[in-house]
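The block underneath contains the structure these notes are about, expressed in structure tokens.
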Amino acid sequence: MSDHPTGDLLAGLNDRQRAAVTAGGGPILVLAGPGSGKTRVLTRRIAYLINEMNIPARSIMAVTFTNKAAGEMRNRLKSLAGDRMRAVQIGTFHATCARILRIEHDSTPYGKDFVIYDTDDQLNAIGQAMSELNIDTRKFNPRAVLGAISSAKNELILPSGYVGQDYFGEIVSRVYPRYQAILLDSNAMDFDDLLVQMVLALHHSPVLQEKYQRKFAWVLVDEFQDTNTVQYQLVSLFGAPQNNIFVVGDEDQSIYAFRGADYRNVARFRQDYPDASVILLEQNYRSTQVVLDVANAVISRNKHRTPKALFTDKAGGELITLHEAYDDEYEARYVMEEIDDLRRRGYHYSDMAVMYRTNPQSRALERACVDEGIPYTLVGGVGFYKRREIRDMLAYLRVVQNPDDRVSFARIINTPKRGIGKKSLESFQYWAADAEMSYGEALIKLLEGADNPLGARAAKLFRDFAEQLFAWRSLTEASTLVDLFDTISSDVGYNLYLHEISDNDLEAADRMDNLSELRGLLVQADEDEINLPEFLIDQALMTDADTKLTGEDRITLMTLHAAKGLEYPVVFITGLEDGLLPHFRSFDEPDGVEEERRLLYVGITRAMERLYLTYAFKRTTWSGSQAQERSSFLYDIPEDMTAGLPSGLNTDRSYQSYKQMTTWGNTRAAQDTERRNATSGLDRLRRDLQRGSATSNSGNKAVNSKIIPFPGSEPQPPAEPQFHTGMSVYHSVFGAGMVVESHVNQDDEEVTVVFSDKRYGVKKLLASLANLTVQ
DNA sequence: ACGCGCATTGTTTTT
DNA sequence: CAATGCGCGT
């Protein structure tokens, strides 16, 4: 092998990375810590296979975790290997399987133009199944039932093989087959089916299996720690018999257990492929030593893990900043102010990202961005594809492609109103079921004038609809997608309908905007010569989390999950509160909190230079606003890694004292109240903070049993403050204000003042420097 | 069949 | 505090 042309591909790689890139065939496991260049290794290896080992690009299958990651890999590959890489199959497991299944549908029970059901569609189908079985959906939550079915599928348990362990399981075992039958009747697969059907097809057809094993002689998998049983099975199946399987992962970054991912698949791989080479990538090229230390301090508390020795050249670094805010609004404001400040100091907006555990947390952040005039991109969230108008029009397109799609059919049969109500749809459904016809077949029978149980009026309405539908279908042959879209929209009077269902013009305009955005996607598809089935598959698999990050100078808001694989010079992780991160839903899951800790670890390790961890004293949730406990994870962070405000005390929290004071009229009353309410969570927290130790707990035994001083705060010596809560003071710059809190800190006095001038708000000042005068 | 209004009820994370 | 969902009245 001449090393001359390989120079480029191997340039800048360390020994281990190079070993991974240039390794020959056979199973290879790359254990790659965060920032160790695993994506780089993966792409370079693919380029190396093509350029140096003369592997045909079409023989390579690369599996990424998101569509976005696939897109990025494709781009990077293009610059490394040029057009030769086009034939590489790059995509998520789901996208890859969808693509193959469409070609090979003969090896499945499904037709060529199957549609893909997303979670909402699934719930609808579950609802249909449960109502057919007379199971009360109030007694048994369809979501829970769906969850159980999905887990079963991820474990490759088929409807026939499902055994309910308890009463609920018994219910599931009845719904599962019915649900699956509805999907089959609808010629629809859910996300899980894409994987399960692929495995089944490969199992059932040796010919197919051999074909694809030969075709994809080289299999590469990113984020291997997040594979589930079906996916592991797929990797094995596609990889056999040569087992040129190259998997990259990091057990510490496994954050998808909720969808069946099992980091133990990494260990399993070593067992199943005992001859596998194992390559460790431990040098981190991303973060400063401080960030790595913090990350390591957090993750090392997990019991089930193999310790790793990550190291970086970037010694030292900025200490991380902890910040306690009064509530979510102040937290957001603090973040934005800090972002503004950093920007003035030379960072770009696009260097900074704000992360959080749950999607609704983005609201306050978005508001703050708008208020502060900070441009932002929101990744994921309650997005585009959930909008009613989008789902409606997509449902039309889906029914055009596949009239058997019962979920979409039910959605649009009376949207906009065409006089076909619940009753009529029901008898249509029973008729079709009795005669063992799919919906599409039933419509044809209706047009042919077959006997039916529908009333004369309803029958006519259905026939009218059928005629329209088949007219649209004939359009798909000759015309563009946009034409089809426009025709449907005008035939059914959708724009008019949109105005009817909108409360006001603004909402209507918003919905129209969404529709034109969808229309834009169709225009694009026409340009790219993508046909309807391809378009619909792309739509189904493209999620809101795949929001493309434009080159614009904006900050990014996203969940910790969405942040996986990304990096930013500055990272804010917000909402470090007990119950939020770790999320309370994880408390009763086995190893749930460990996964939450991994999630925080993923977040921390996104940071290159600066890291902020924030939490709020009080947070608004759906049932009003609630006092929060600090995240137990914060106690894992070594004191000497943190800087910024001494975290025992700061401005925003003092605002609370101020609020309480104003509520109760005067200081004395407030203090009395405080004493009376001394057991409330709020005051307990405040007391803890003042004492500088965390004696309150959240029921988290680990923390409770070992009381660790809160980072950065020392027990305060008794002191004689010069300023007292309630005093009116004057500052030469900030003007008049009121002291809300004061205490002696080492050898100076820290005074917290609420200034009347809103521009200054709450500030913490050092008495010796601030030149405050008592009024 | 449809529209309105009240009640309920649920929110982790994503392909 | 949504958003959905149901029941009632028309």
Side-chain angles (χ1 to χ4, degrees), chain A residues 63-70 91-98 116-120 122-124 127 136-138 141-144 147 150 153-154 189-196 223 226-228 230-231 254-261 355-363 379-383 385-386 388 413-426 455 457-458 461 500-501 537-547 558-564 575 579-589 592-593 595-596 598-600 602-603 620-625:
Chain A
V63 184
T64 59
F65 198 72
T66 62
N67 296 304
K68 189 165 57 180
T92 60
F93 279 108
H94 294 87
T96 302
C97 290
I116 298 169
Y117 278 181
D118 68 14
T119 311
D120 280 341
Q122 288 178 287
L123 280 172
N124 191 301
D136 189 355
T137 52
R138 316 174 120 246
N141 184 347
R143 281 174 174 283
S150 181
K153 287 186 178 182
N154 284 328
M189 296 194 204
D190 62 24
F191 287 130
D192 305 318
D193 286 334
L194 292 172
L195 311 179
V196 173
E223 308 283 9
D226 278 319
T227 51
N228 59 32
V230 200
Q231 290 167 336
S254 171
I255 53 175
Y256 281 90
F258 69 92
R259 90 185 193 205
M355 299 168 193
Y356 38 82
R357 177 65 176 84
T358 67
N359 280 306
Q361 288 173 256
S362 68
R363 294 229 177 166
V379 178
V382 212
Y385 298 106
K386 270 192 118 84
R388 190 211 282 212
I413 187 63
N414 206 28
T415 304
K417 304 268 171 282
R418 52 169 71 83
I420 300 177
K422 206 181 143 196
K423 250 268 121 122
S424 306
L425 179 59
E426 231 166 54
R457 186 186 106 96
L461 291 168
E500 279 167 15
I501 59 163
I537 285 183
D538 287 351
Q539 281 318 296
L541 296 175
M542 185 63 75
T543 63
D544 296 301
D546 292 315
T547 316
M558 61 191 154
T559 62
L560 288 163
H561 282 89
K564 181 155 99 158
L580 200 53
L581 181 60
H583 197 272
F584 71 93
R585 295 292 289 259
S586 72
F587 294 157
D588 37 39
E589 313 251 328
V593 175
E595 171 135 327
E596 297 289 304
R598 288 195 292 268
L599 199 47
L600 176 58
V602 167
T620 345
T621 60
W622 50 276
S623 57
S625 134

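Order of the sequence lines fixes the chain letters, A, B, ..., with proteins taken first and strands second; residue numbering starts at 1 for each chain.
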Face-to-face stacking of A:F258 with B:dT13, centres under 5.5 angstrom, angle under 30°: yes
Atom-pair distance (NZ on A:K153; P on B:dT15), nearest Å: 18 Å
Parallel, tilted or perpendicular: rings of A:Y256 and A:F65 (30°, 60°): tilted
Sugar-phosphate only, base, or nothing, as touched by A:Y256 at under 4.0 Å among non-hydrogen atoms: sugar-phosphate
Distance in angstrom units between A:R457 CZ and B:dA1 P, rounded: 7 Å
Atom pair CG/OH of A:L580 and A:Y356 - distance to nearest 0.5 Å: 12.0 Å
Whole-Å distance separating the NE2 atom of A:H561 from the C1' atom of B:dT13: 4 Å
Nucleotide-resolved protein contact map, nucleotides 4-10 of chain C, B/S/- at heavy-atom distance under 4.0 Å: --S----
Minimum-distance nucleotide to A:R143 side chain [options: B:dT11, B:dT15, B:dA1]: B:dT11
Interatomic distance, A:L560 CG vs B:dT14 P [rounded to whole Å]: 10 Å
Sugar-phosphate, base or nothing in reach of A:N414, heavy atoms under 4.0 Å: sugar-phosphate
Sugar-phosphate, base or nothing in reach of A:S424, heavy atoms under 4.0 Å: sugar-phosphate
Rounded distance (Å) that lies between atom P of B:dT14 and atom CD1 of A:I255: 9 Å
Rounded distance (Å) that lies between atom C1' of B:dT13 and atom CZ of A:R585: 11 Å
Proximity to the side chain of A:N359 - top-ranked nucleotide from B:dT15, B:dC2, B:dT14: B:dT14
Minimum-distance nucleotide to A:T119 side chain [options: B:dT15, B:dT14, B:dG3]: B:dT15
A:D118 side-chain N/O to A:A540 backbone N/O, donor-acceptor pair under 3.5 Å: no
Out of B:dT15, B:dG10, B:dT13, whichever nucleotide has its closest atom nearest the side chain of A:P360: B:dT13
Nearest-nucleotide comparison on DNA chain B, the residue closer to the 5′ end among A:A95 and A:K417: A:K417
Min side-chain heavy-atom separation A:L194-A:I116 under 4.5 Å: yes
